[in-house]
Amino acid sequence: MTLDALKDGEVATISHFDVNEQLLNRFFSLGFAKSKKIKKIKTSLGGSTILVELDRNCVMLRNNEAKSIEVIRNT
């Protein structure tokens, strides 16, 4: 499942990135890493952006960026 498929408020663990090296480096610089917990806070009205919480920081992602982050939903 990808990050964009989570419902608002759900928590998951990052399992894989399906991106090019440039975007992967950007994700790493923002604190994204495999096995980290991530919470989807809110999706914009049009669905073009997604607000997530990672390590007590909030980051806004484009929908296509969120689709490239594979996650495992936490129960």
Please give me the minimum heavy-atom distance between [X] and [Y], naming the atom from each residue.
X     : Y     : value
Val71 : Ala12 : CB-CB, 3.7 Å
Thr2  : Ala66 : CB-O, 4.0 Å
Asp55 : Gly31 : OD2-O, 4.2 Å
Cys58 : Leu51 : CB-CD1, 3.9 Å

* Structure fact -> Sequence neighbours excluded, the answer for salt bridge (charged side-chain N to carboxylate O under 4.0 Å, His left out) partners of Asp8 is none
* Asked: Mind checking what makes side-chain contact (heavy atoms from CB on, under 4.5 Å) contact with Leu24, not counting sequence neighbours?
  ->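 Applying side-chain contact (heavy atoms from CB on, under 4.5 Å) to Leu24 gives Phe17, Val19, Phe28.
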* Residue list, side-chain contact (heavy atoms from CB on, under 4.5 Å) with Ala33, at least two apart or on another chain ->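 Scan of Ala33 (side-chain contact (heavy atoms from CB on, under 4.5 Å), adjacent residues dropped) gives Lys36.
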* Report yes if the side chains of Leu61 and Phe32 come closer than 4.5 Å at any heavy-atom pair, otherwise no. =>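 A side-chain contact under 4.5 Å exists here.
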* Are Arg73 and Met1 close enough that some pair of their side-chain heavy atoms sits under 4.5 Å apart? ->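 Heavy-atom side-chain distance check passes, below 4.5 Å.
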* Given Leu23 and Glu65, is the side-chain contact (heavy atoms from CB on, under 4.5 Å) satisfied, shown in steps? -> CA-CA 9 Å; Leu23 187 53; Glu65 293 170 338; 4.1 Å; yes
Donor-acceptor pair, side chain of [X] and main chain of [Y], under 3.5 angstrom:
X     : Y     : result
Thr49 : Arg62 : no
Ser44 : Ser48 : yes
Asn20 : Gln22 : yes

* So, are Glu53 and Lys40 salt-bridged, with charged N and O less than 4.0 Å apart? ->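 So Glu53 does not pair with Lys40 through a salt bridge.
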* **Electrostatic pair Glu10-Lys39, nearest N-O below 4.0 angstrom** =>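 The answer is no: the pair does not qualify as a salt bridge.
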